[in-house]
Amino acid sequence: MVPSPLVEVRNVSKRYGSLTVTANVSLTVDAGEVLGILGPNGAGKTTLFNIMSGDVAPDAGAVFLAGADITKLPPHERCRRGIGRSYQIAKPFGGLSVYENVLVAALFGGRRSGREANAVCAEVLELTGLMRKANRLAGTLTLLDRKRLEFARALGTGPTVLLLDEIAGGLTDHEAQDVVATVSAIRERGIAVIWIEHVVHALLAVATRVIVLDAGAKIAEGEPHAVINSPQVQRVYMGVDVEVEVGA
Amino acid sequence: MTIAARELRVERWTPASRLGAMLAAAAGVALATFPFWAPSDIMRLVVEFACLLAIAQMWNLLAGYGGLISIGQQAYIGLGGYGLVVLANDAHVNPFFCVPLGGLAAAAFAVPTSRIVFRLAGGYFAVGTWVVAEVYRLVFANIAALGGGSGQSLTALIGIPRDVREAVTYWIAIALMAATTGGVYWLLQSRLGLALTAIRDSETAAESQGVDVARTKFIVYVAAAFGSGCAGALYFLNALRISPDAAFGMSWIPLLFFTVVIGGIGTIEGPIVGTLIYFVMRQFLSDYGSWYLIVLGVVAIVVMIWAPRGIWGLLAARTSWRIFPLAHIVRDPRVDA
């Protein structure tokens with residue numbers, strides 16, 4: 001029985017000096033959901049991920065995974081409990097091969113034995129289209145492949161919740177479609193996905209629900225197309241004046 | 001995630017590394033015969049070489065892999081040396097057995113010390129480790145029973161014939177060289193080594209992929225203290241005399257920087273290459289007084305500017321030579337070679 005909600009972020013806030021980057025944000029995600037997070041640059045999207053993955057400690061609020069309070073747990077412990085994440089600015093292990101990068105994730109995050117980890121690597125590399133480059137040093141990869149590797153490593157940890165931070169940015173339409181297909185396949189396995197993405201059409205193709213952040217606060221939540229078309233979101237996110245909107 | 005895909009065939013050895021291993025084994029056997037024919041000054045030189053190589057391997061493990069730039073490893077060299085002297089002179093333990101015991105003493109001190117220095121990061125960690133080493137130096141300089149600031153001689157060796165002492169010291173040195181280099185290789189090939197290499201490349205990413213960074217660094221810190229402690233004990237077994245300034249002095253650190261950085265930081269071969277270069281230069285230049293130090297400094301600067309990854313790093317980047325291969329090479333028709 002999968003607990004519901006699988007992940008809950010409850011009233012988290014984070015300030016750096018006088019700058020509030022996360023203001024009393026709450027959200028929940030269930031297994032099999034794809035929650036999209038939208039918001040302009042500086043809205044606090046990545047900080048929210050950092051609070052969930054444990055890279056940043058919130059000033060207030062709590063994070064729950066499967067009902068357990070994980071707010072005080074270090075990142076590696078959260079990863080082992082099922083939170084897999086990618087970084088917006090790829091952080092590959094540059095001196096290790098692509099295979100070894102995923103191996104680290106499977107051995108430590110996934111707590112797999114050597115044999116199992118090998119099989120996880122094979123599956124994940126196939127799924128993310130990196131198999132051919134398994135022996136390449138991660139430091140020599142192109143930007144696109146680095147993004148794929150971020151995705152592959154996060155998957156390699158065997159997550160129940162996957163946090164994806166702008167993995168479709170800078171991709172061609174065709175490549176973005178591949179990412180959408182992969183995210184759909186992951187969702188069908190019962191993994192909860194939270195996806196920060198500026199490439200809105202990619203996000204809308206797979207998201208079951210969307211929240212919008214602005215200046216650290218959650219300003220909208222709901223069915224993806226309805227949220228996107230709401231006047232408030234159009235104004236803060238798309239830079240479109242509300243008066244232009246028809247039928248508002 | 002369900003495991004459905006078939007396993008990949010992974011190789012870790014290459015023909016070059018098999019040849020390298022055989023050559024290293026042959027060199028080890030040849031070195032072990034020295035006491036039967038080589039003059040004692042050559043043997044003393046090999047012992048010194050072994051000590052420096054062992055300490056360099058440990059420092060490379062810390063700095064090159066763990067990202068722990070310690071400038072206080074002399075703390076463990078000194079603790080190993082004093083461990084030897086106290087156990088051999090005062091507790092009457094066989095002085096040769098005291099080499100690993102000196103290492104254990106250093107490791108025992110490293111456990112509480114790590115609690116202090118691990119609170120610091122980056123440059124603060126470096127300075128913190130140096131301060132800790134100075135504290136140890138001052139503490140030992142103030143223990144009258146250990147000879148205070150002037151130190152003491154290793155009297156426990158009186159009564160052991162000179163040729164026996166030299167031969168056993170020498171063999172311990174060969175064993176230490178093999179054990180530290182082999183030990184580092186074994187460690188880096190293991191899961192812990194993979195974690196450590198990941199930490200070297202991105203600490204944040206390693207942590208978020210499930211690597212317990214703090215625990216991994218702690219293990220490496222204590223292991224490096226053990227190795228440096230053994231090397232310190234061996235060094236003072238060879239020198240026959242210890243003083244706080246010699247044991248805990250800062251002069252070890254430029255040597256470590258020189259050997260590891262020139263040779264190639266973050267590779268196992270690097271410290272070996274660097275230590276060889278250092279000893280060759282010392283043999284040829286030591287008659288020229290201060291010119292020796294000037295040339296050493298110039299070589300260091302030239303290498304750091306034109307080959308920042310060291311001489312072995314330069315070779316490894318241009319060739320596929322690996323004496324100590326660590327890579328997992330996937331052999332599969334779906335994968336480019």
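All chains are named by letter (A, B, ...) in the order of the sequence lines, taking the proteins before the strands, and each is independently numbered beginning at 1.
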Between A:Asp55 and A:Arg85, does at least one N-O distance fall below 4.0 Å, as a salt bridge requires? yes
Between B:Ala206 and chain A, which part of the residue has a heavy atom less than 4.5 Å away: side chain, backbone, both or neither? both
Please state whether the side chain, the backbone, both or neither of A:Ala154 comes within less than 4.5 Å of a heavy atom of chain B. backbone
Would B:Arg334 and A:Glu126 pass as an ion pair if we require N to O under 4.0 Å? yes
Considering residues, nucleotides and ligands other than B:Arg309, do more than 12 of their heavy atoms fall under 6.0 Å from its CZ? no
Chain B contact via A:Arg115 - side chain, backbone, both or neither, heavy atoms under 4.5 Å: both
So which of A:Gly110, A:Ser53, A:Gly109 has the biggest tally of heavy-atom pairs under 4.5 Å with chain B? A:Gly109
Pick from A:Gly94, A:Cys121, A:Gly84: which one has the most heavy-atom pairs with chain B under 4.5 Å? A:Gly94
Are any of the side-chain nitrogens in A:Lys72 or A:Glu77 under 4.0 Å away from the carboxylate oxygens of its partner? no
Is the centre of the B:Tyr221 ring less than 6.0 Å from the centre of the B:Tyr76 ring? yes
Only pairs of heavy atoms separated by less than 4.5 Å count here; which of A:Thr160, A:Ile83, A:Asn135 has the most with chain B? A:Asn135
